[in-house]
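Lettering of chains follows the sequences in order, A, B, ..., and the numbering in each one begins at 1.
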Amino acid sequence: MSKERQFNKLLKQFYTSSNRNYLPWRKTHDPYKILISEVMLQQTQVSRVESKFEPFVERFPTVEILAKADLAEVLSRWSGLGYNRRAKYLHQCARKIVGKHNSQISKHISELIVLPGVGEATAGAIVVYAYNVAEIFIETNIRRAIIDYFFSDKNAVHDKHIKLILKDVIDRNNPREWYWSLVDYGASLGKVKNNPNKKSVHYTKQTLFLGSKRQVRGSVIKLLVQDIIISEDNLKRSIEGDQKYLKEVLKELVSEGLIDKSGQKYRLSTGR
DNA sequence: GTCCCGTCTG
DNA sequence: CAGACGGGAC
């Protein structure tokens, strides 16, 4: 049997015994909800998204409702997921889909990728999981599974090589479930210890969070989620992390459209 | 302390 | 291309 067929046999076996089809975003084909889940899952582990996804889509069940909502509320429902710019992108995304795409979420990668916060991986995932179309895309579990199985003897693997393998092994008759089996298998391979992705040329080490500007940013947003409106002095007293970043962070959050300044006080932006 | 993990900006 | 961007589990 070819290596490709062996791999698919392995995926099938694994999927039969150990799939994660209980995940709430696998119980819908609604492209809007798939979009929400995929943006939440960017740089964020499943365990953290699990508790946030359902409350979020219950509050914002359609793209129109999300588009009409205040960014401040979207940010507050995002709290705990991190990378708060994603909430801003998602809100802008909803407004653009309603305003320019007739509230329809495209089934074409080329039209999805122009949306804010939607890159190659997210666009591919939406097309596959919502529409069951056999497109090729790579995210971390996919990369890990393919490197582990097909590149065990290599130490510098480029995504373009992974894409070539994917084109050979993808099940074009049932791409949605095939990708589920692939990501579940990939997720099961050692992450913390000896992560096969360390052999990817795209692998990078993260910078320190403690004491970083990023920590102060996160802390400011978190405080504003709790208190609605806060003076700079009170922020200075309450933030976690290094105070020296506060002024700079406030300026950047205002210019990015995440917060607004009125007088000497700050609040989350309405997004309008 | 070390690690995970996509997209955007410069 | 490199660097910025959260929050938590281990």
Side-chain angles (χ1 to χ4, degrees), chain A residues 25 34-53 74-93 96 109 112-129 136-145 147-148 156 158-160 162-163 179 183 186-226 239-242 245 248-259 268:
Chain A
W25 48 91
I34 305 288
L35 165 68
I36 302 293
S37 69
E38 288 302 325
V39 174
M40 286 185 171
L41 287 162
Q42 293 168 1
Q43 296 295 102
T44 308
Q45 280 130 326
V46 165
S47 59
R48 195 167 343 167
V49 175
E50 271 187 287
S51 64
K52 303 284 177 182
F53 172 77
V74 180
L75 282 166
S76 91
R77 308 244 169 202
W78 194 265
S79 191
L81 284 168
Y83 294 123
N84 297 300
R85 286 199 289 222
R86 289 182 298 168
K88 165 87 178 166
Y89 290 145
L90 204 47
H91 189 238
Q92 286 178 312
C93 207
K96 187 166 180 179
I109 288 179
L112 292 169
I113 214 159
V114 301
L115 296 168
V118 177
E120 269 187 60
T122 303
I126 291 169
V127 169
V128 168
Y129 296 137
I136 300 301
F137 75 98
I138 297 178
E139 48 83 289
T140 190
N141 298 306
I142 295 173
R143 188 180 289 121
R144 178 161 38 235
I147 289 178
D148 183 69
H158 195 285
D159 278 354
K160 65 189 176 192
I162 294 179
K163 284 186 183 172
Y179 269 102
V183 302
S188 77
L189 301 171
K191 289 188 195 185
V192 173
K193 213 181 131 197
N194 255 338
N195 185 352
N197 279 340
K198 288 179 180 168
K199 300 190 336 183
S200 166
V201 299
H202 308 284
Y203 180 84
T204 51
K205 268 188 76 167
Q206 83 284 4
T207 55
L208 248 58
F209 173 64
L210 228 59
S212 69
K213 209 166 79 173
R214 207 155 102 231
Q215 181 183 23
V216 175
R217 281 174 61 103
S219 181
V220 167
I221 298 293
K222 193 171 181 181
L223 290 168
L224 290 173
V225 162
Q226 290 160 358
I239 53 157
E240 306 197 5
D242 197 331
Y245 291 124
E248 195 182 342
V249 158
L250 289 171
K251 189 168 291 188
E252 287 171 5
L253 289 172
V254 168
S255 72
E256 286 173 42
L258 285 169
I259 68 175
L268 296 176

Side-chain donor-acceptor contact under 3.5 Å, A:Arg144 with A:Ser200: no
Contact state string [nucleotides 5-10 of chain B, B base, S sugar-phosphate only, - no protein heavy atom under 4.0 Å]: BBSS--
Minimum heavy-atom distance A:Gly124-A:Ile109, with the two atoms named: CA-CD1, 3.9 Å
Sugar-phosphate, base or nothing in reach of A:Tyr203, heavy atoms under 4.0 Å: sugar-phosphate
Partner set under side-chain contact (heavy atoms from CB on, under 4.5 Å) for A:Gln215, not counting sequence neighbours: A:Phe209, A:Leu210, A:Ser212, A:Glu240
d(CG, A:Leu208; P, C:dG7) in whole Å: 16 Å
Separation of atom CD in A:Gln215 from atom C1' in C:dC5, rounded to whole Å: 13 Å
Distance in angstrom units between A:Glu256 CD and C:dC5 C1', rounded: 9 Å
A:Arg217 CZ - C:dG3 C1' separation (whole Å): 14 Å
Between C:dC5 (C1') and A:Lys88 (NZ): distance, integer Å: 16 Å
Rounded distance (Å) that lies between atom C1' of B:dC3 and atom CZ of A:Arg48: 12 Å
Protein-nucleotide distance (A:Asn194, atom CG; B:dT2, atom C1'), rounded to Å: 14 Å
Phosphate OP1/OP2 of C:dA4: any A:Lys213 side-chain N/O under 4.0 Å: no
